[in-house]
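All heavy atoms count here, side chains included; hydrogens, waters and symmetry mates do not. Numbering of residues begins at 1 and proceeds along the displayed sequence.
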Amino acid sequence: MNEQHKYRPTDKMSDLICDNYSLLMVMSRFGLSLGFGDKSVKDVCETQGVDCPTFLAVANFISEEQYSYSGSEDDFSITALMHYLKRAHTYFLDFNLPAIRRKLIEAIDCSGTNDVAYLILKFFDEYAKEVRRHMEYENQAVFTYVEELLKGNISSRYDIGTFASKHNQIEAKLKELKNIIIKYYPEKENNNLLNAVLFDIFNCEQDLASHCQVEDYMFVPAVAQIERRLKNEQ
């Protein structure tokens with residue numbers, strides 16, 4: 001990237017994490033493990049087989065308030081970015097959402113006599129199904145299309161604009177769930193468990209919003225650029 005960004009290849013990886021702890025999730029989704037000592041971002045990525053420009057592109061995108069795709073296919077690796085997005089999907093579907101559900105069951109009265117508790121759990125389960133449909137569609141349809149595109153095979157029946165036009169913000173319903181819990185769930189003598197799961201829901205909402213922004217502002221424009229190049233070469 002031509003413009004100066006917050007984080008650079010020569011920075012210590014530990015400094016990035018201490019500066020913005022949310023980058024721990026970025027590291028995990030790139031398959032980077034801890035225990036890297038005082039190594040630079042570049043050295044950590046090279047040692048662990050991760051594309052450094054792509055890691056930094058995502059880290060800077062998440063940490064900076066503004067981002068615009070430069071139009072250069074050299075900015076980052078779309079293949080590496082897809083691996084990152086797939087790992088993120090696995091995290092949400094197989095770890096984060098199930099963990100929140102377990103905490104919800106522990107925090108609310110699920111005896112069957114509490115209508116608000118029933119509504120909360122039902123709402124969450126429906127939301128989790130919606131997220132799964134959304135992410136499995138991306139894994140199976142969108143990423144498969146892009147993999148073919150990277151081989152030089154362009155489709156006349158589908159393009160990334162079709163995906164972008166239908167790409168709904170899946171974190172929105174979490175706001176409704178938070179409101180139900182905050183406004184209507186009756187206070188108990190000890191609300192520590194409920195407050196803890198609310199905190200997790202807030203974090204999940206923010207994490208999902210960031211995930212969707214990476215797709216909308218990094219992934220989609222980069223794929224569209226490849227589509228334009230392939231069409232011009234035909």
Next item on the list: In sequence, state the C-alpha distance, the side-chain angles, and the governing distance for Thr10 and Val41, and then conclude on side chain to side chain contact (heavy atoms under 4.5 Å, CB included).
Entry: CA-CA 6 Å; Thr10 52; Val41 173; over 6 Å; no

Next item on the list: Flag the pair Tyr84 / Thr54 as yes when at least one side-chain heavy-atom distance between them is below 4.5 Å, and no otherwise.
Entry: no

Margin query: One pair to check against side-chain hydrogen bond (donor to acceptor under 3.5 Å, both in side chains): Asn20 and Ser63. What are the steps and the verdict?
Written below: CA-CA 7 Å; Asn20 184 353; Ser63 301; 3.0 Å; yes

Next item on the list: May I ask you to decide if Gln140's main-chain N or O and Thr144's side chain share a donor-acceptor pair within less than 3.5 Å?
Entry: yes

Notebook entry, point to check: Is the cationic atom of Arg29 (NZ for Lys, CZ for Arg) positioned less than 6.0 Å from the six-membered ring centroid of Tyr91 and within 45 degrees of its normal?
Noted result: yes

Checklist line | Residue pair Asp159, Thr162: steps toward the side-chain hydrogen bond (donor to acceptor under 3.5 Å, both in side chains) verdict | finding: CA-CA 6 Å; Asp159 59 39; Thr162 303; 3.1 Å; yes

Notebook entry, point to check: Given side chains that start at C-beta, do those of Val214 and Phe219 come closer than 4.5 Å, heavy atoms only?
Noted result: no

Check: For the side chain of Asp11 and the backbone of Arg8, is there at least one donor-acceptor N/O pair under 3.5 Å apart?
Finding: yes

Next item on the list: Quick one: pull up CD1 in Ile181 and CG in Leu198 and give me the separation to the nearest 0.5 Å.
Entry: 4.5 Å

Next item on the list: Apply the test side chain to side chain contact (heavy atoms under 4.5 Å, CB included) to residues Asp51 and His83: give CA-CA distance (whole Å), side-chain angles for both, the deciding distance (0.1 Å), then the verdict.
Entry: CA-CA 11 Å; Asp51 185 74; His83 288 160; over 6 Å; no

Notebook entry, point to check: Take atom NZ in Lys86; do more than 12 heavy atoms of anything else shown fall under 6.0 Å from it?
Noted result: yes

Next item on the list: Please answer: with hydrophobic residues joined when any side-chain heavy atoms are less than 4.5 Å apart, are Leu119 and Ile182 in the same cluster?
Entry: yes

Notebook entry, point to check: For Cys45 and Met13, which heavy atoms make the closest approach, and how far apart are they?
Noted result: SG-CE, 4.5 Å

Margin query: Rounded at 0.5 Å granularity, tell me how far NZ in Lys6 sits from CD1 in Ile62.
Written below: 12.0 Å

Check: Which heavy-atom pair separates Pro221 from Asp216 by the least distance, and what is that distance?
Finding: CD-O, 3.3 Å

Margin query: Is any side-chain heavy atom of Phe55 closer than 4.5 Å to one of Met27?
Written below: yes

Checklist line | Spacing of Arg87 atom CZ and Thr90 atom OG1 [to the nearest 0.5 Å] | finding: 8.5 Å

Next item on the list: In plain terms, say whether Lys151 and Glu147 are close enough for a salt bridge, that is, a side-chain N and a carboxylate O under 4.0 Å apart.
Entry: no

Note to self: Angle between ring planes, Phe143 versus His89, binned at 30° and 60°: parallel, tilted or perpendicular?
What the structure shows: parallel

Notebook entry, point to check: Which heavy-atom pair separates Ala80 from Phe30 by the least distance, and what is that distance?
Noted result: O-CE2, 4.1 Å

Next item on the list: Provide the closest heavy-atom pair for Ala164 versus Val220 in the form atom of the first, atom of the second, distance.
Entry: CB-CG1, 4.0 Å

Check: CG of Leu93 to NZ of Lys129: how many Å apart, nearest 0.5 Å?
Finding: 14.0 Å

Next item on the list: Indicate yes or no: at least one non-hydrogen side-chain atom of Glu138 is less than 4.5 angstrom from one of Leu85.
Entry: no

Check: Does atom OH of Tyr184 have more than 12 heavy-atom neighbours from other groups under 6.0 Å away?
Finding: no

Next item on the list: Determine, stepwise, if the pair Ile226 / Val146 fulfils side chain to side chain contact (heavy atoms under 4.5 Å, CB included).
Entry: CA-CA 9 Å; Ile226 295 177; Val146 175; over 6 Å; no

Check: How far does NZ of Lys39 sit from OG1 of Thr47, to the nearest 0.5 angstrom?
Finding: 4.0 Å

Check: So do the side chains of Asp43 and Phe36 get within less than 4.5 Å of each other, counting heavy atoms only?
Finding: no

Margin query: Set out, in order, the CA-CA distance, both residues' side-chain angles and the distance that settles side-chain hydrogen bond (donor to acceptor under 3.5 Å, both in side chains) for Glu130 and His134, then state yes or no.
Written below: CA-CA 6 Å; Glu130 181 181 328; His134 175 103; over 6 Å; no

Item checked: Non-hydrogen atoms of Ser210 and Phe61 that approach each other most closely -> O-CE2, 4.3 Å

Next item on the list: May I ask whether Tyr127 and Phe95 are part of the same hydrophobic cluster, defined by side-chain heavy atoms of I, L, V, M, F, W, Y residues being less than 4.5 angstrom apart, directly or through others?
Entry: yes

Margin query: Under 4.5 Å between side-chain heavy atoms, counting indirect links through other Ile/Leu/Val/Met/Phe/Trp/Tyr residues: same cluster for Phe76 and Tyr217 or not?
Written below: yes

Checklist line | Nearest heavy atoms of Glu227 and Ile160, plus distance in Å | finding: OE2-N, 2.8 Å

Item checked: Of Arg101, Arg102, Lys178, Lys103, the residue whose pairing with Asp200 passes salt bridge (charged side-chain N to carboxylate O under 4.0 Å, His left out) -> Lys103

Check: Is Glu106 reaching over with its side chain to a backbone N or O of Leu193, donor-acceptor style, under 3.5 angstrom?
Finding: no

Next item on the list: Apply the test side chain to side chain contact (heavy atoms under 4.5 Å, CB included) to residues Phe124 and Ile201: give CA-CA distance (whole Å), side-chain angles for both, the deciding distance (0.1 Å), then the verdict.
Entry: CA-CA 10 Å; Phe124 181 83; Ile201 291 170; 5.6 Å; no

Note to self: I want to check something: taking the side chain as every heavy atom from C-beta on, are Tyr158 and Val142 in contact at a cut-off of under 4.5 Å?
What the structure shows: yes

Check: Are Leu34 and Tyr7 grouped together when hydrophobic residues (ILVMFWY) are joined by side-chain heavy atoms under 4.5 angstrom apart?
Finding: yes

Checklist line | Student check: side-chain heavy atoms of Met135 and His211 closer than 4.5 Å | finding: yes

Check: Side-chain heavy atoms under 4.5 angstrom apart, residues restricted to Ile, Leu, Val, Met, Phe, Trp, Tyr: same cluster for Phe199 and Ile105?
Finding: no

Check: Side chains of Ile108 and Val116: closer than 4.5 Å at any heavy-atom pair?
Finding: no

Checklist line | CD1-CG distance between Ile100 and Asn203, expressed to the nearest 0.5 angstrom | finding: 8.5 Å

Next item on the list: Kindly check if the number of other-residue, nucleotide or ligand heavy atoms within 6.0 Å of OH (Tyr118) is above 12?
Entry: no

